[in-house]
Amino acid sequence: GGDGDDSAAALLRTVFIGNLPVSIKPRRLRTLFAPFGAVESVRLRSVPVDAEGKMPRGGKVITGKLVQDRNSTNAYVVFAEAAAAAAAVALNMTEVEGRHVRVDRA
């Protein structure tokens, strides 16, 4: 890696993890993804509070879905190398603390 590391390059090294239990700890994610390569950073993101604000007016039907989503969170894991991120998507739909998580390239 040279000094010309821009955000696009960082994205290549990043995976998005969805449907995580809100109780998940960054350390747990590091341990989970360490087998794929060196983990540079872990960022947890909670579900935005304004999720309801974006609901269409006739959108009462999806309320149940939103409530469910509030019990989950998502995270970004940045690896030192893009190859590790590419390999890490193998964890997609595996069970983490009782939930089947989504793992995608960012």
Side-chain angles (χ1 to χ4, degrees):
D3 298 317
D5 194 30
D6 56 358
S7 54
L11 270 180
L12 291 173
R13 299 184 280 113
T14 305
V15 290
F16 167 85
I17 307 101
N19 196 39
L20 287 163
V22 284
S23 57
I24 197 86
K25 299 281 184 287
R27 180 181 294 182
R28 175 85 175 88
L29 290 174
R30 268 183 198 275
T31 308
L32 197 66
F33 286 95
F36 299 99
V39 174
E40 208 169 83
S41 67
V42 175
R43 275 184 305 164
L44 278 171
R45 170 169 300 181
S46 53
V47 176
V49 185
D50 67 349
E52 288 150 301
K54 298 196 175 67
M55 194 189 291
R57 282 199 184 274
K60 294 223 162 62
V61 191
I62 60 168
T63 308
K65 192 174 175 186
L66 276 176
V67 171
Q68 223 176 348
D69 286 347
R70 198 163 285 134
N71 299 324
S72 71
T73 186
N74 51 44
Y76 291 93
V77 172
V78 183
F79 289 96
E81 308 192 357
V89 295
L91 283 182
N92 188 38
M93 293 315 291
T94 55
E95 209 174 291
V96 178
E97 296 183 15
R99 286 174 176 267
H100 289 93
V101 298
R102 220 180 91 222
V103 183
D104 268 318
R105 296 298 291 273

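Note that the structure is a prediction, hence the values are computed from the model and not measured. Scope of the values below: all heavy atoms of this structure, side chains included, with no hydrogens, waters or symmetry mates.
When all heavy atoms are compared, the tightest approach of Glu40 to Arg30 is O-NH2, 3.8 Å. Taking both residues in full, the closest heavy atoms of Ala88 and Val15 are given as CB-CG1, 4.2 Å, listed atom of the first, atom of the second, then distance. Nearest approach of Phe36 to Phe79, heavy atoms of both residues: CB-CE2, 4.2 Å. Residues Arg102 and Asn92 approach most closely at CA-OD1, 3.3 Å, considering heavy atoms. For the residue pair Arg99 and Ser72, the shortest heavy atom distance occurs at NH1-CB, 3.5 Å. Nearest heavy-atom pair, Thr14 versus Ala10, reported as atom, atom and distance to 0.1 Å: OG1-O, 2.7 Å.
Rounding to the nearest 0.5 angstrom, the gap separating the CG atom in Leu12 from the CZ atom in Arg105 is 6.0 Å. The CG atom of Leu29 lies 13.5 Å from the OH atom of Tyr76; values are rounded to the nearest 0.5 Å. Interatomic distance, Asn74 CG to Asp104 CG, rounded to the nearest 0.5 Å: 11.0 Å. Atom CG of residue Leu20 and atom CG of residue Leu44 lie 7.0 Å apart, to the nearest 0.5 angstrom.
Transitive grouping of hydrophobic side chains (ILVMFWY, heavy atoms separated by less than 4.5 Å) keeps Leu11 and Val77 in distinct clusters.
A donor-acceptor pair under 3.5 Å links the side-chain atoms of Thr73 to the main chain of Arg45, judged by distance alone. No donor-acceptor pair under 3.5 Å is formed between the side chain of Arg13 and the backbone N or O of Ala85.
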Exercise. What's the verdict on side-chain contact (heavy atoms from CB on, under 4.5 Å) for Ile17 and Phe33, showing C-alpha distance, side-chain angles and the deciding distance?
Worked result: CA-CA 11 Å; Ile17 307 101; Phe33 286 95; 3.5 Å; yes
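Contact annotation: the side chain of Leu91 never approaches that of Val101 to less than 4.5 Å [non-hydrogen atoms, C-beta and beyond].
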